[in-house]
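No experiment lies behind these values; they were computed from the predicted model shown. Within every chain, numbering begins at 1; the chains are lettered A, B, ... in the order of the sequence lines, protein sequences first and strands thereafter.
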Amino acid sequence: MYQYTDDDQTLIEERVAQFRGQTRRFLDGELGGEEFKALRLMNGLYIQTHAPMLRVAVPYGLLSSRQLRKLAEVAREYDKGYCHFTTRQNVQYNWPELARVPDLLAELATVQMHAIQTSGNCLRNTTSDHLAGVSTDEIEDPRPYCEIIRQWTTLHPEFAFLPRKFKIAVSGSERDRAAVQLHDIGLYLVKNHSGETGFRVLAGGGLGRTPIIGQTVKPFLEIKYLLSYLEAILRVYNLHGRRDNKYKARIKILVKETGLEKFTAMVEDEWLRTRDGMLLDDERVAAMKAQFTPPAYDLHAADAPLAGLEDAGFARWFKYNTVEHRVAGYRVVFLSLKAPDSPPGDITAGQLDAVADLADQYSFGEIRSSHRQNLVMADVRQADLFTLWRKLDAIGLATANIGLATDMICCPGLDFCSLANAGSIGVAREINEALDDIDYLHDIGDLKINMSGCMNGCAHQSVGHIGILGVDKNGEEWYQLTLGGSSDNEAALGERLGPAVAKNRITRTVTDILAVYLQLRLEDETFLQTVNRIGLEPFRERVYADHKK
Amino acid sequence: MQIIKNKQLLAGDNWSFAADDSEIGDSGDITVSIERWKAAKHALLQRAGKTGLRLRPADDVAVLDGDLDGVELIELDFSGFGDGRPFSQARLLRSRLAYQGEIRAVGNYLPDQVYYLIRVGVNAFRLENEAQIPLVLSCMDDFSVNYQASSI
Ligand code: SF4
């Protein structure tokens, strides 16, 4: 894991001091509301329904046990004893007090954490694969490049006031687990014909109001040109992105309105003029790679057998909540933050502390956050799994539902977010209760339900296998459904099922959809495959049957 | 109105902006739009006073390539602090057009932006609110470390 240099540390401390000054000027009336809004957003601070909401950066989803303990401490001292993991691998606090936020940030800075550029119209946190470095299908570990990009984007002087937010994702494996095609810039590490590693560069993807899948602007970019190419795209966007309408200001609209060919030509023209002046040299890349070397794996891990599978609960957890590791004798473990009785992504301070201890004991002191709002222990010996399961179960983090229907992603919705049209946490709970039967849940299998409380789509509903979007109908909460979305390699946007349904019908609608799937699926076919094969009509017939009568 | 240049408060400043339809006298240091500069360059340069440009955020600085001889000041006019185009304009003026004269931020920018502006090549600031001078000067040193190269 990357360790800060003195300069890195100085920078985040100076950022805290800067923000402290800005907050003081605002509280003293020297800084206007509009101005402070722009400045605080760039430091992750929103003013929400109940209190400010602070989003803390977790660069590419990587955390140390020390950082987890600090998150727990902050949750206790500055919040109500819990925090929330987002779909962008970050952490949110829902109840900090504005005047104390600078102190909170100073606390985080002591463990190399910050809230820099976690919101606002600027370069956001770079996200990546939660299985980076341990998956079996990896071409190259994306994290060194993520860190290089993190540094380059941090306080970039030219691109701090973009038309709109800007998100970059990097994937280094064959299977895309980072939703790369749905980012303003997406980077896939690939090999060319002569076996050299480089990037396939995509631009113009994005979710939100007008979801669009990114398009390739450069099929193969040499590593040394990474930063010059990013700069070229950003400069074209900064100068030409629309600033007249915030709903048309993302780069996806620029790419669409300009046309891919012309947009690419503008980027290339810019890039050819600058690329030789800002080469990423081999030494820098090598030094960064050295920060992400594999931990000291137990070479005999495979000799110690996996025990406990005769326990049905453990066997189920093993099947759904662990995946293959590239090192024999190790497994990757998912900690589900989707227990039936807690809001998706939420974790208490007590759980954070316990996870930190378990990470120290069983997974080299590291933890990752995933796009589906769960946590990951990446390096667990198979011989330790049974004990770890029991310990996770004791703290409520062993719900065996990773990748299943109850592993929903869900934004804070009406409960916390001032932009929401409809509640999402309550609906998630209701759906959860309806899917309570374990055999039924496992029979349904691989299913991604994503639910957002408004068009902003923070929970990426348009790429959910089942997407649920809260809409406002004459002051009432209604829900619009889409089916068939995906953020994997075959990225696709869900298709609208039909008219929105009322709040008291949403759970029934979801179970109806699942009933159609169970009835019409072919052997082994997943929900998504069935939808792609049979289309939406059979689902519509069932869901809207009552209306037709 | 006050000018801070190269982190120093200037004693005085005679620059003023001449709108496209205004009369221009022989004396006085004036900035003009790119359009006026393109149309009346020779007349402007024959005056006793100095000549500079005032750029709007939407102006394309590439049209000035090779056409900056005699320009002694370029003002970047911020229409609103959220519009980040002047940052790229400054960057391009310095690194691509190799402009070495004064680049001055005017209009609606924030003290909190001056650190970034200096890094992209702006070296002077016009302040409407004199009470902000100490704040602006201190904001120039908000950070002592950086991840990116500066202009120039
Ligand atoms: S999707 Fe809408 S309601 Fe949900 S968190 Fe985002 S802005 Fe708020």
Side-chain angles (χ1 to χ4, degrees), chain A residues 5-15 17-19 21-22 25 30-32 34-42 120-122 147-164 227 231 234-241 243-244 246 249 269-270 273-274 277-278, chain B residues 55-63 65 76 78-98 105 108-122 129 131-132 134-152:
Chain A
T5 62
D6 289 347
D7 280 359
D8 296 322
Q9 187 64 33
T10 302
L11 185 137
I12 63 165
E13 285 171 11
E14 289 176 344
R15 181 69 180 104
Q18 184 190 40
F19 188 72
Q22 291 167 344
R25 279 158 58 210
E30 289 168 36
L31 188 60
E34 265 312 294
E35 287 81 0
F36 184 57
K37 182 179 174 190
L39 299 173
R40 68 172 157 76
L41 283 177
M42 290 173 71
N121 297 332
C122 53
E147 178 57 28
I148 288 171
I149 296 170
R150 181 193 77 81
Q151 297 186 7
W152 177 77
T153 54
T154 298
L155 306 184
H156 195 295
E158 186 179 345
F159 306 128
F161 297 88
L162 296 169
R164 201 73 179 83
L227 296 182
E231 181 177 282
L234 260 307
R235 184 166 296 135
V236 167
Y237 173 56
N238 190 39
L239 288 171
H240 301 285
R243 291 174 185 268
D244 58 329
K246 83 171 200 178
D269 178 60
E270 184 60 42
R273 294 158 186 267
T274 52
M278 50 185 307
Chain B
L55 269 50
R56 293 170 303 248
D59 285 336
D60 178 8
V61 302
V63 305
D65 201 359
L76 301 179
F78 277 73
S79 51
F81 63 84
D83 188 336
R85 288 177 290 184
F87 293 82
S88 285
Q89 289 175 326
R91 182 67 178 236
L92 290 171
L93 285 169
R94 292 293 187 210
S95 59
R96 189 153 309 158
L97 274 58
N108 186 9
Y109 62 91
L110 297 178
D112 308 84
Q113 293 176 307
V114 301
Y115 177 76
Y116 289 133
L117 284 166
I118 289 173
R119 297 204 59 225
V120 293
V122 174
N129 178 356
Q132 286 197 327
L135 174 66
V136 170
L137 284 170
S138 88
C139 284
M140 290 180 176
D141 296 316
D142 271 348
F143 294 92
S144 61
V145 287
N146 294 297
Y147 287 125
Q148 312 81 7
S150 300
S151 292
I152 330 178

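Using a 4.5 Å cut-off between heavy atoms, A:Arg15 touches chain B through backbone and side chain atoms alike. Heavy atoms of A:Leu39 lying under 4.5 Å from chain B belong exclusively to its side chain. Neither the backbone nor the side chain of B:Leu117 has a heavy atom closer than 4.5 Å to any heavy atom of chain A. Heavy atoms closer than 4.5 Å to chain B are found nowhere in A:Glu13, neither backbone nor side chain.
Checked by atom type and distance alone, the side chain of B:Gln148 pairs as donor or acceptor with a backbone atom of A:Trp152 at under 3.5 Å. Counting only distance, with no hydrogens or angles, the side chain of A:Glu14 and the backbone of B:Ser144 share a donor-acceptor pair below 3.5 Å. When atom types are taken as modelled, the side chain of A:Asn121 and the backbone of B:Gly82 share no donor-acceptor pair closer than 3.5 angstrom.
Interatomic distance, CD of A:Glu231 versus CZ of B:Arg91, reported as 5.5 Å (0.5 Å rounding). Atoms OG and CD, from B:Ser95 and A:Glu158 in turn, are 8.0 Å apart once rounded to the nearest 0.5 Å. Between the OG atom in B:Ser88 and the CZ atom in A:Arg235 there is a gap of 5.5 Å [rounded to 0.5 Å]. A distance of 10.5 Å separates CG in B:Asn146 from NE2 in A:His156, rounded to the nearest 0.5 Å. B:Asp142 contributes atom CG, which lies 4.5 Å from atom CD of A:Gln18 (distance to the nearest 0.5 angstrom). Atom CZ of residue B:Phe143 and atom CG of residue A:Asp7 lie 13.0 Å apart, to the nearest 0.5 angstrom.
Counting heavy-atom pairs closer than 4.5 Å to chain B, the top-ranked of the candidates A:Leu31, A:Asp8, A:Leu234, A:Thr153 is A:Asp8.
Nearest heavy-atom pair, A:Arg243 versus B:Gly84, reported as atom, atom and distance to 0.1 Å: NH1-N, 3.1 Å. Across A:Leu155 and B:Arg119, no two heavy atoms sit closer than the pair O-NH1, 4.3 Å. Heavy atoms only, all atoms of each residue included: B:Arg85 and A:Leu239 are closest at CD-O, 3.7 Å. Between B:Tyr116 and A:Pro157 the shortest heavy-atom distance is CD2-CA, 3.3 Å. Heavy-atom minimum distance, B:Phe81 versus A:Glu34: CZ-O, 3.9 Å. When all heavy atoms of B:Leu92 and A:Glu270 are compared, the closest pair comes out as CD2-OE2, 4.2 Å.
The neighbour count for A:Asp6 CG, taken as heavy atoms of other residues, nucleotides or ligands under 6.0 Å away, does not exceed 12.
Remark: A:Cys122 engages A:Met42, A:Gln117 in a side chain to side chain contact (heavy atoms under 4.5 Å, CB included) (not counting sequence neighbours). Taking the side chain to side chain contact (heavy atoms under 4.5 Å, CB included) definition, one finds that B:Asn129 meets it with B:Ala131, B:Gln132, sequence neighbours left out.
Taking the six-membered ring where the residue is Trp, B:Phe87 and A:Phe161 present parallel rings, their angle staying beneath 30° rather than reaching 60°.
Here the side chains of A:Arg25 and B:Leu135 are in contact, with some heavy-atom distance below 4.5 Å. The side-chain heavy atoms of A:Thr274 and B:Arg96, taken from C-beta on, include a pair separated by under 4.5 Å.
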